[in-house]
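These numbers come from the heavy atoms of this one structure, side chains and all, not from hydrogens, waters or symmetry mates.
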Amino acid sequence: MNNFLNYLTVIAVFALIALPSLAGVARDRRIDRQIARAAAQRPSERSAERPATPYELSA
């Protein structure tokens with residue numbers, strides 16, 4: 001029984017240490033998917049109707 005509690009303690013400590021890191025990875029992947037989705041929806045060529053903004057002129 002003592003061995004089981006030792007294993008359980010090690011697993012619990014590992015989970016407490018790893019959980020914030022895994023949550024951060026999941027959040028980063030979600031943000032990456034949102035960026036990729038937004039880039040896919042963006043038109044690939046600039047339309048001639050839209051005037052250039054000062055930020056686009058300096059690039």
Side-chain angles (χ1 to χ4, degrees):
M1 186 67 181
N2 199 16
N3 258 351
F4 175 72
L5 291 177
N6 288 341
Y7 285 131
L8 193 60
T9 303
V10 168
I11 291 170
V13 169
F14 178 76
L16 286 174
I17 291 172
L19 190 61
S21 176
L22 295 175
V25 168
R27 180 176 177 266
D28 286 345
R29 289 182 56 126
R30 179 178 49 87
I31 291 170
D32 289 342
R33 283 193 306 265
Q34 289 176 348
I35 291 171
R37 194 176 316 127
Q41 291 177 352
R42 182 179 223 179
S44 59
E45 296 179 19
R46 296 177 192 224
S47 68
E49 313 167 346
R50 189 179 63 133
T53 63
Y55 297 112
E56 292 171 346
L57 293 174
S58 65

Verify side-chain contact (heavy atoms from CB on, under 4.5 Å) between Val10 and Val13, making sure each step is shown before the conclusion.
CA-CA 5 Å; Val10 168; Val13 169; 6.0 Å; no
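Tyr7 belongs to no multi-residue hydrophobic cluster, having no ILVMFWY side-chain contact under 4.5 Å with any other such residue. Here Ile35 is tied into one hydrophobic group with Ile31, each link being a pair of ILVMFWY side chains closer than 4.5 Å.
Within 6.0 Å of CZ in Arg27 there are 12 or fewer heavy atoms belonging to other residues, nucleotides or ligands.
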